[in-house]
Engineer: 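The following block contains the structure, expressed as structure tokens.
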2 protein chains.
Amino acid sequence: MEKQPDLCRVEDALDILVGKWKPIILLHLLQQGTKRFSELKRSMPGITQKMLTQKLRELEEEDIVERIVYPEVPPKVEYSITAYGRSLEPILEAMHEWGTNHIVHKIRKQEGMNKAGSQEERK
Amino acid sequence: MEKQPDLCRVEDALDILVGKWKPIILLHLLQQGTKRFSELKRSMPGITQKMLTQKLRELEEEDIVERIVYPEVPPKVEYSITAYGRSLEPILEAMHEWGTNHIVHKIRKQEGMNKAGSQEERK
DNA sequence: CTGTATCCATGGTGATACTG
DNA sequence: CAGTATCACCATGGATACAG
């Protein structure tokens, strides 16, 4: 199951952006700079420690985020976007904009179907 | 689980682009225009009919691709990108470019590690 | 505080067979 | 030709407990 010859380096970018928490983590770090583990966790209600750790490790592995451990007690670990990671920002923003527009598109479509399907909606 | 307040319309775009075959399908249709089902299938070795149908339906649902059925025997169905679907092209291209660059990045990193650890070349 | 280690539920994907 | 219908697998994600 080889990938298409030249076509799909798209998927390399996709792999990094995708997953239930990765975009959220990236957005948080992009917008709020350096954060420590507990701060990130607090700012993402619903995420488990396991997922946060796992996704941060994956992003670190790709040099998208940087992890700095302070050898203290209690432990302190800070995460931030790398310069390289910032190269993803235009893509994230384009997707955000597209997504925002897309919900409008869907609503319009929905309205169109309502109009076509029924005369009610009189209030 | 609720999404972040404003942050993540990114995921709406992601949902459309993601999946094992969606980017490939989109790229094929973007680059090669209108194609019929069997042509698409042939041009994507490894995809099953089920997956191709399913993904095309999802893309159609989002108005990204258009499906035209010719009432003939044998059946003929053509797929193409909608004008709206083309609005995804910049994102796809940005991702393709980023991905292409990313493999270079990884190779460089790999070389760097080799150099750093080059003292030990045992076995 | 910042992680690991398990176990388990779920869904997306694939193989295969069948149909209008 | 262009699908639909089933079944099975496995990776991803979630809950929980434990540890340095």
Side-chain angles (χ1 to χ4, degrees), chain A residues 1-4 8 10-12 14-26 28-29 32 34-62 65-80, chain B residues 1-4 8 10-26 28-29 32 34-62 64-80:
Chain A
M1 35 176 79
E2 204 49 48
K3 290 179 180 177
Q4 296 306 100
C8 262
V10 169
E11 300 188 341
D12 295 74
L14 239 24
D15 285 345
I16 286 166
L17 266 3
V18 121
K20 181 153 185 183
W21 297 104
K22 275 173 167 181
I24 301 178
I25 292 171
L26 287 173
H28 273 272
L29 288 177
Q32 315 192 10
T34 299
K35 304 277 275 180
R36 44 191 304 190
F37 187 84
S38 52
E39 290 176 315
L40 280 174
K41 181 152 175 12
R42 259 197 307 280
S43 59
M44 296 178 227
I47 197 172
T48 60
Q49 284 190 335
K50 176 191 170 186
M51 280 301 106
L52 183 52
T53 304
Q54 183 176 310
K55 296 310 159 188
L56 283 168
R57 286 294 186 288
E58 291 171 14
L59 292 169
E60 187 191 1
E61 184 63 24
E62 303 289 359
V65 312
E66 186 183 21
R67 175 171 179 262
I68 299 179
V69 181
Y70 296 88
E72 310 173 356
V73 175
K76 174 180 172 184
V77 181
E78 287 187 340
Y79 293 91
S80 56
Chain B
M1 240 95 302
E2 205 49 49
K3 289 177 181 177
Q4 295 306 98
C8 263
V10 169
E11 301 188 343
D12 294 75
L14 240 22
D15 286 344
I16 285 167
L17 267 2
V18 121
K20 180 153 187 185
W21 298 104
K22 275 174 167 181
I24 301 177
I25 292 171
L26 288 174
H28 272 272
L29 288 177
Q32 314 190 12
T34 299
K35 306 276 274 180
R36 44 192 304 189
F37 187 84
S38 53
E39 292 176 314
L40 280 174
K41 181 151 175 12
R42 258 197 308 280
S43 60
M44 297 178 224
I47 197 171
T48 59
Q49 284 190 335
K50 176 190 169 188
M51 279 300 106
L52 183 52
T53 305
Q54 182 176 312
K55 295 312 160 187
L56 284 169
R57 287 291 188 289
E58 290 171 14
L59 292 169
E60 187 191 1
E61 183 65 24
E62 303 289 0
I64 309 298
V65 313
E66 186 183 19
R67 176 171 179 263
I68 299 179
V69 182
Y70 296 87
E72 309 172 357
V73 176
K76 175 180 172 185
V77 181
E78 287 187 340
Y79 292 91
S80 57

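The sequence lines fix the lettering, A, B, ..., with proteins before strands; numbering per chain opens at 1. The model shown is predicted, which means the values in this text are computed figures rather than measured ones.
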Engineer: It should be established whether B:W21 places a side-chain nitrogen or oxygen under 4.0 Å from OP1 or OP2 of nucleotide C:dG14.
Structural biologist: yes
Engineer: Does C:dT16 have its OP1 or OP2 closer than 4.0 Å to a side-chain nitrogen or oxygen of B:T48?
Structural biologist: no
Engineer: B:R57 CZ to D:dA5 C1': how many Å, rounded?
Structural biologist: 14 Å
Engineer: B:L56 has an atom CG; how far is it from atom P of D:dC1, in whole Å?
Structural biologist: 17 Å
Engineer: Under 3.5 Å, is there a donor-acceptor pair between the side chain of A:K41 and the main chain of A:I47?
Structural biologist: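 Side chain of A:K41 to backbone of A:I47, a donor-acceptor pair under 3.5 Å: yes, one is there.
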Engineer: Tell me what B:Y70 touches on the nucleic acid: a base, only sugar-phosphate, or nothing, going by heavy atoms under 4.0 Å.
Structural biologist: nothing
Engineer: For B:E78 and D:dG3, what is the distance between atoms CD and P respectively, to the nearest whole Å?
Structural biologist: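 These atoms are roughly 12 Å apart.
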Engineer: Answer yes or no: does a side-chain N or O of A:K55 lie under 4.0 Å from OP1 or OP2 of D:dG13?
Structural biologist: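 The answer is yes; a side-chain N or O of A:K55 sits under 4.0 Å from OP1 or OP2.
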Engineer: Give a yes/no on whether any side-chain N or O of A:R42 is located under 4.0 angstrom from OP1 or OP2 of C:dT2.
Structural biologist: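 Checking A:R42 against C:dT2: no side-chain N or O falls below 4.0 Å of OP1 or OP2.
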Engineer: Can you tell me which residue among A:I25, A:I24, A:L26 is in a side-chain contact (heavy atoms from CB on, under 4.5 Å) with A:H28?
Structural biologist: A:I24
Engineer: Just checking B:K22: base, sugar-phosphate only, or nothing, at a heavy-atom cut-off of under 4.0 Å?
Structural biologist: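 The answer is nothing, as B:K22 stays clear of every strand by at least 4.0 Å.
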Engineer: Could you tell me the separation between the CD atom of B:Q54 and the C1' atom of C:dG14, rounded to a whole number of Å?
Structural biologist: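 Rounding to the nearest Å, CD of B:Q54 and C1' of C:dG14 are 11 Å apart.
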Engineer: Figure out the NZ/C1' separation between B:K50 and D:dT4, and round it to whole Å.
Structural biologist: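 Going from NZ in B:K50 over to C1' in D:dT4 covers 10 Å.
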Engineer: Is the phosphate of C:dG3, meaning OP1 or OP2, less than 4.0 Å from a side-chain N or O of A:T53?
Structural biologist: no
Engineer: To the nearest angstrom, how far is B:E60 atom CD from D:dA2 atom P?
Structural biologist: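 So the CD-P distance, B:E60 to D:dA2, works out to 15 Å.
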Engineer: Sub-3.5 Å donor-acceptor pair from the side chain of B:K22 to the main-chain atoms of B:D15, do we have one?
Structural biologist: yes
Engineer: Determine: side-chain N/O of B:R36 to OP1/OP2 of D:dA2, distance under 4.0 Å, yes or no.
Structural biologist: yes
Engineer: Nearest to the side chain of A:M51, which nucleotide is it out of C:dC1, D:dG3, D:dG13?
Structural biologist: D:dG13
Engineer: Looking at A:Y79, I'd like to know whether one of its side-chain N or O atoms comes within less than 4.0 Å of OP1 or OP2 on C:dG3.
Structural biologist: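 So the side-chain polar atoms of A:Y79 do come within 4.0 Å of the phosphate oxygens OP1 or OP2 of C:dG3, strictly under.
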Engineer: I need the CD-P distance between A:Q49 and D:dA19, as an integer number of Å.
Structural biologist: 15 Å
Engineer: Thinking salt bridges, do A:E39 and A:R42 make one under a 4.0 Å N-O criterion?
Structural biologist: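 No, A:E39 and A:R42 are not salt-bridged.
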Engineer: Taking C-beta and beyond as the side chain, do A:L56 and A:F37 meet within less than 4.5 Å on heavy atoms?
Structural biologist: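 SC-SC contact between A:L56 and A:F37 confirmed.
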Engineer: I need the CG-P distance between A:L52 and C:dT4, as an integer number of Å.
Structural biologist: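 Result: 11 Å.
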Engineer: Identify whether any heavy atom of A:K41 sits under 4.0 Å from a base atom; if not, whether one sits that close to sugar-phosphate; answer base, sugar-phosphate or nothing.
Structural biologist: nothing
